[in-house]
Amino acid sequence: MLKTSLSIISAALLAASSQSIASESLPFVNAKAEIDGKLDEAVWQQAKKITINNVTWPQENIASPIETTAYVFENGTSLFIAFDAKDPNPELIRAFYRDRDSAWNDDLVGIKIDSFNNSLSAYQLFINPLGVQQDSIENELTKSENSSWNGIWDSAGTIHEGGYYVEVEIPLRVLNFDDSIDTKTMAMEFLRFYPRDQRLRISSMQIEHANNCWICQMPEYTGFEQAKQGNNFALIPSLVAGKEQTRDIDGNEAGEWIDDDNVEPSLDVKWAITPDMTLNATLNPDFSQVEADTGQLSVNNSFSLFFPEKRAFFLDNADYFSSHLNLIHTRNIAAPDYGMKFTSNKQGHTVGAFIANDEKLNVMIPGNLGSRVVSFDQKSENLALRYRYDFNNTLSVGTTTTARQSDDYSNQVVSLDSKYKLTNNDIFKAQVLLSDTDYTQAFVDELCNGEQGDCQKPSQPECKINSDCDLNESTLRVLNKEDTKGLGYLLNYEHNEKHWRAFTSYQYRDKGLRSDLGFMSQIDFNKFLAGYEYRWYGDENTWWNRANWYTDWDITHNDNDELLEKEVQTNFSINGPLQSHINTGVEHRKRTGLRHNEASLAIDGNTDLFTENNLWTYMEMKPVSGVFTSLNISTGNKVDLANNRLGEQFRVRPVINLNLGKHFELRFRHTYQTLEADGADVFTANLTDVRMTYQFNLNSYLRLAVIKTDIERNPSNYIDSVDATYKGLSTQLLYSYKLNPQTVFFAGFSDSGYQDDELKEITKDSKTFFMKFSYAWLM
């Protein structure tokens, strides 16, 4: 009897499991649809009809309040999708003409595609009701989304009295998949984002929130029997022309403008050797970025600022190079003459490799309390290799190797990492890395402009380390050629349920560890962290829809077992009406200060311990279509790093994004920060970033960006001599036309200037006129 019952239960479970993973087929139709956003062609009647009716965020799998249907078919070369998005109040649809990847807050429909069906990554392609495209790649290994990825695909949308239509054609050459098998299986999710009082994520599937791998839960679709990518070849010549004017400013006297005219042709080649192997090459590339970086305020901060990559050569298949730690940060490569990259993904084997030279050598000098970037006018060679094997959707093992080399300097890193999904609720991650750094006496001399003896003394003008020229212990170890080999590792475990999550991690980096092609700004520490999170879900009877309580505790020591930091923090957040979000928290921290003129970025021996207590609040709201507002406020104790004492800091950052009509957008961001110590002001800093854009249509826009920095210091409250005033101003006017992400035209003007104690007003010291044109031939 027991045996019979067990057999029945096993059969039922097997049937349920089979039903849950059963694949659906997509129809093959030997036809094309005209992508005009009208859905009036007979071909759509042969497509598979998919209902999008589950709200998966912020709630978990409740019925959708709005009707959405997707129609899908493929013709061997492209995947075609049509969306019929009903809306009883079309006047409330949020849709604006914007640049690509800038409409994430609008109404959207789209698709996620795991083209290898391995639950490790997914293409995300979304479209607003006017046809504006958003695309990205979701990486399950790193839990990140790379919105800088740009595929070439076609879409169109139209708003009508009953809602809106969107039509999409995705050429299969955009996707990486294995075409060596006849019937191909891809996991897909069809989506609609419906932003009104709440921003609903509406899906064609149900999602279990206790399983933090959402890609793993996507249903399978089979078909594509005739899909062959072929050896797709793209040739992209570019021409960059610019005129740069610079001048030296000495006191109140500005020198003569020095002109530098530059006309540079370049060539990019992309060759799909096989459907799962791609070769990218670039000759004499223009690796400058067109868009100005978002302004960042660097005051009372000992660590180097991080800026994201925006250059197309490095962005293509960038997820192939990802691991748990940022060991490959390609913005370290500033001005190469050439670059070559190979990527492949086949039957669980993922490979990425690139090599590029650089006319400059930018080296980060890290410590355990801060870092600085040192720039040398010498060439370097850069190499990165990444290999990952996915045994299945529960276990992945990878290795990363990087190398940088110049005439008198080299750095090599070897790393091994793994991710193991013990259950749907438990994930373990690990990574270990070794580094070897070598440099000659010529490198040491160049670091100090040939004045090694003087450079070891603080505040020498010859030194290149930072503006104050105070050497950190890490730099002194470079001078003395110590700690050239390094070890580091990371261990992380997380358990996730629908209503709660618990996690812990341990990270170690010794004094000699360096990852000079990555972004590793801190070394010489070991850190233990443990945390807990609890979630509440609202329903139709609550004014809120989601709430969250989070807390963690961590402690950090250096190699000498001296305390660097001990911190406990907790915060509570709630999502409410008008797409509002409020998050408030408190932090209690004991941390080590920086000794004045001694080991200013690292410690070796006792230093002062300070206690910081901070209260912070973040609020945001999208009350009506085309309006976004946020406010970030923090106040409390803060270490005055320049003077090694405890002060009182206040920081506020308001953000307003405002659309005036369908075409014009204003973005305003301001940061205000003050620090007081010993009963007097230390500094007051302001940073304003304003960007105004007129989007003519889906392809072109005109943008003006203005970034202004204003820092007032109180010299009498500083140990060292400092300027009382620093003001900086940079502007950029940019016209952009994009036929697709690779056929583009840019033209613009930018300038910058500054003011200090010797200048009576902001004085321009650089001007640049530039133009760029590139055209993609797809063969």
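For the residue pair Glu620 and Tyr618, a side-chain donor N or O sits within less than 3.5 Å of a side-chain acceptor on the partner. Arg98 and Gln695 form no side-chain donor-acceptor contact under 3.5 Å, judged by distance and modelled atom types alone. A donor-acceptor pair shorter than 3.5 Å can be found between the side chains of Tyr493 and Asp426. Remark: the Thr693 side chain and the Glu665 side chain contain no N/O donor-acceptor pair separated by less than 3.5 Å. Side-chain atoms of Asn392 and Thr394 include a donor-acceptor pair closer than 3.5 Å. The closest side-chain donor-acceptor pair between Asp390 and Ser396 falls under 3.5 angstrom. Side-chain atoms of Asp319 and Ser322 form no donor-acceptor pair, as typed in the model, at a separation below 3.5 Å. Side-chain polar atoms of Tyr550 and Asn548 form no donor-acceptor pair below 3.5 angstrom.
Nearest heavy atoms, Pro741 versus Gly151: CG-O, 3.6 Å. Of all the heavy atoms in Asp114 and Leu120, the pair that sits closest is OD2-N, 4.3 Å.
Judged by a 6.0 Å distance limit and a 45° cone about the ring axis, Lys498 is positioned over the six-membered ring of Tyr537.
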Exercise. Hey, mind stepping through Tyr123 and Lys112 against side chain to side chain contact (heavy atoms under 4.5 Å, CB included) and telling me if it holds?
Worked result: CA-CA 5 Å; Tyr123 296 94; Lys112 291 176 60 174; over 6 Å; no
For this session: Begin with the C-alpha distance, continue with both residues' side-chain angles, and end with the deciding distance and a verdict on ring-ring contact (aromatic ring centres under 6.0 Å, His included) for Phe73 and Tyr71.
Result: CA-CA 7 Å; Phe73 72 92; Tyr71 300 90; over 10 Å; no
Exercise. Step by step, would you call Trp214 with His209 a ring-ring contact (aromatic ring centres under 6.0 Å, His included)?
Worked result: CA-CA 8 Å; Trp214 287 17; His209 285 198; 5.5 Å; yes
Problem set entry | Residue pair Glu220, Thr185: steps toward the side-chain hydrogen bond (donor to acceptor under 3.5 Å, both in side chains) verdict | CA-CA 6 Å; Glu220 298 176 347; Thr185 302; 5.3 Å; no
Exercise. Asp106 and Gln134: side-chain hydrogen bond (donor to acceptor under 3.5 Å, both in side chains), yes or no, with the steps?
Worked result: CA-CA 11 Å; Asp106 288 4; Gln134 280 69 227; over 6 Å; no
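The aromatic rings of Trp104 and Phe126 lie perpendicular to each other, with more than 60° between the two planes, well past the 30° mark. Ring-plane geometry between Tyr534 and Tyr532 is classed as parallel, the angle between the planes falling under 30 degrees on a 0 to 90 degree scale with a further cut at 60.
Among Arg501, His499, His495, the single residue meeting the side chain to side chain donor-acceptor pair (under 3.5 Å) criterion with Glu497 is His495.
No more than 12 heavy atoms of other residues, nucleotides or ligands lie within 6.0 Å of NZ in Lys49, so this atom counts as exposed by the packing criterion. The number of heavy-atom neighbours closer than 6.0 Å to NZ of Lys38, taken from other residues, nucleotides and ligands shown, is 12 or below.
Side-chain contact between Lys32 and Phe80 is present, with heavy atoms from C-beta onward closer than 4.5 Å.
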